[in-house]
2 protein chains.
Amino acid sequence: MSRSSKAKVDDLPEGLDESMPLTEELEGFLGYRLRRANAAMHRHFIAAVADLGLTQKQAAVLWLINSNPGIAQVSAADALGMDRATTMAIVDRLDERGLLVRRQSSADRRRQELYLTPAGQKLLRKAKARVAKHEERFTSQFTASELEFLFEALRKLRDVT
Amino acid sequence: MSRSSKAKVDDLPEGLDESMPLTEELEGFLGYRLRRANAAMHRHFIAAVADLGLTQKQAAVLWLINSNPGIAQVSAADALGMDRATTMAIVDRLDERGLLVRRQSSADRRRQELYLTPAGQKLLRKAKARVAKHEERFTSQFTASELEFLFEALRKLRDVT
DNA sequence: TCCAATTAGTATGCAACACATACTATTCGT
DNA sequence: ACGAATAGTATGTGTTGCATACTAATTGGA
């Protein structure tokens, strides 16, 4: 017996059922579950691309520019659901690292067209391999039809007004 | 006609199908959809409790302490999937606002037992009403069985190793 | 055609989190 | 009894989100 004099096992002072999870109430909330699931996947993502030094957002921006070369910052912001200021910060960082370039649009001189540099394309190619494995790890928890429902459910949640 | 000389409608320089969403590739990723859904629900949560000045995490900590009076910081951190340093910052903030108190545990003097103050209990009571409406807005998108599957799916994602 | 409203980018500042590291006090395990 | 582990704390860095404000450019309507 290692405990000195008390039989208490944890830090619940009085008569609480310690077999009951501490978060029992919170588990009943969709928002809580969504946050925990997202946090887990986010952590795993960061770990998966740790050697590339990319965050989810940064990777998403590279991905978006690669699919839409010349996209303007504001279009990227809208597409990814971010505001202009946040997008600026992310694009600045990627710009400093030489992963993309800004080029003033000739059609609308307010706009900066975004393009990946060769370095950016190379990094993205590496990221794609890591992300594929990362995704597989999570999507493999489900059948194809379950996944289809899950995707649609998440889209619905995003679009709630 | 307001456009000067070009027929271009957006910022896609050459022959891209503009009916195709810019994020088409990204939409194929579970992590991306999860992040967007979580961001939407997070924003809605913040708006729902804006007058109470609470974040999701802060509300979760209050909730957890209310359900488990005397819980130690480290237990709260574990339960909510946060590290000690982050938990410290959150508890500090709630402490400064007079919503909770720390009390040194007599059983283990390393531990600080956390308790809600009357002010904390009152605030939490208000928050509960707001959160109930907030949750309803999102859960009402689904049937009971769909919701059951969704909850379980999110739990699976959280527990992926 | 001219002017007000809007838009894109930028700059600055603040708050919240996550995480790393390091240190002290305390308790645990052998 | 003593080394290992634990809880709390302090400090610092990086990322993100958002508000505000400003400039330059474009648009739309009178």
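Side-chain atoms are counted along with the backbone in the values below, which use heavy atoms only and exclude waters and symmetry mates. All chains are named by letter (A, B, ...) in the order of the sequence lines, taking the proteins before the strands, and each is independently numbered beginning at 1.
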Can Asp108(A) and Ser105(A) be said to form a side chain to side chain donor-acceptor pair (under 3.5 Å), step by step? CA-CA 5 Å; Asp108(A) 183 340; Ser105(A) 165; over 6 Å; no
Give the C-alpha distance, both sets of side-chain angles, the deciding distance and a yes or no for ring pair (Phe, Tyr, Trp, His ring centres under 6.0 Å) between Trp63(A) and Tyr32(B). CA-CA 12 Å; Trp63(A) 220 290; Tyr32(B) 177 76; 9.9 Å; no
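The CG atom of Leu114(B) sits 13 Å away from the P atom of dA7(D) (whole-angstrom rounding). Regarding Glu113(A), its CD atom lies at a distance of 16 Å from the P atom of dA25(D), rounded to whole Å. Here the P atom of nucleotide dT15(D) and the CG atom of Leu80(A) are 17 Å apart, to the nearest Å.
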Between protein and nucleotides 11-17 of chain C, what N or O pairs are separated by less than 3.5 Å?
unit_1	atom_1	unit_2	atom_2	d
dA16(C)	OP2	Arg93(B)	NE	3.4
dC17(C)	OP1	Thr55(B)	OG1	2.3
dC17(C)	OP2	Arg93(B)	NH1	3.1
dC17(C)	O3'	Lys57(B)	NZ	3.2

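Side-chain N/O atoms of Glu27(A) and Thr23(A) include a donor and acceptor closer than 3.5 Å.
Of the two residues contacting DNA chain C, namely Asp108(B) and Val91(A), the nearest-nucleotide position lying further toward the 5' end is that of Val91(A).
Between the side chain of Arg109(B) and the base of dT26(C), no donor-acceptor pair under 3.5 Å is found.
The nucleotide whose nearest atom lies closest to any side-chain atom of Gln73(B) is, among dT26(D), dG8(D), dC19(C), dG8(D). The side chain of Arg110(B) sits closest to dA5(D) out of dA5(D), dG17(D), dT7(C).
Residue Arg84(A) is in base contact, counting any heavy-atom pair closer than 4.0 Å across all strands shown. Among the heavy atoms of the strands lying under 4.0 Å from Asp83(B) is at least one base atom, whether or not backbone atoms are also near.
A salt bridge links Arg102(B) to Asp92(B): one of the charged nitrogens lies within less than 4.0 Å of a carboxylate oxygen. The pair Arg155(A)-Glu152(A) meets the salt-bridge criterion, with a side-chain N (NZ, NE, NH1 or NH2) lying under 4.0 Å from an Asp/Glu carboxylate O. Residues Arg130(A) and Asp51(A) are paired through a salt bridge, judged by an N-O separation under 4.0 Å between the basic side chain and the carboxylate.
OP1 or OP2 of dA25(C) has not a single side-chain nitrogen or oxygen of Arg111(B) nearer than 4.0 Å.
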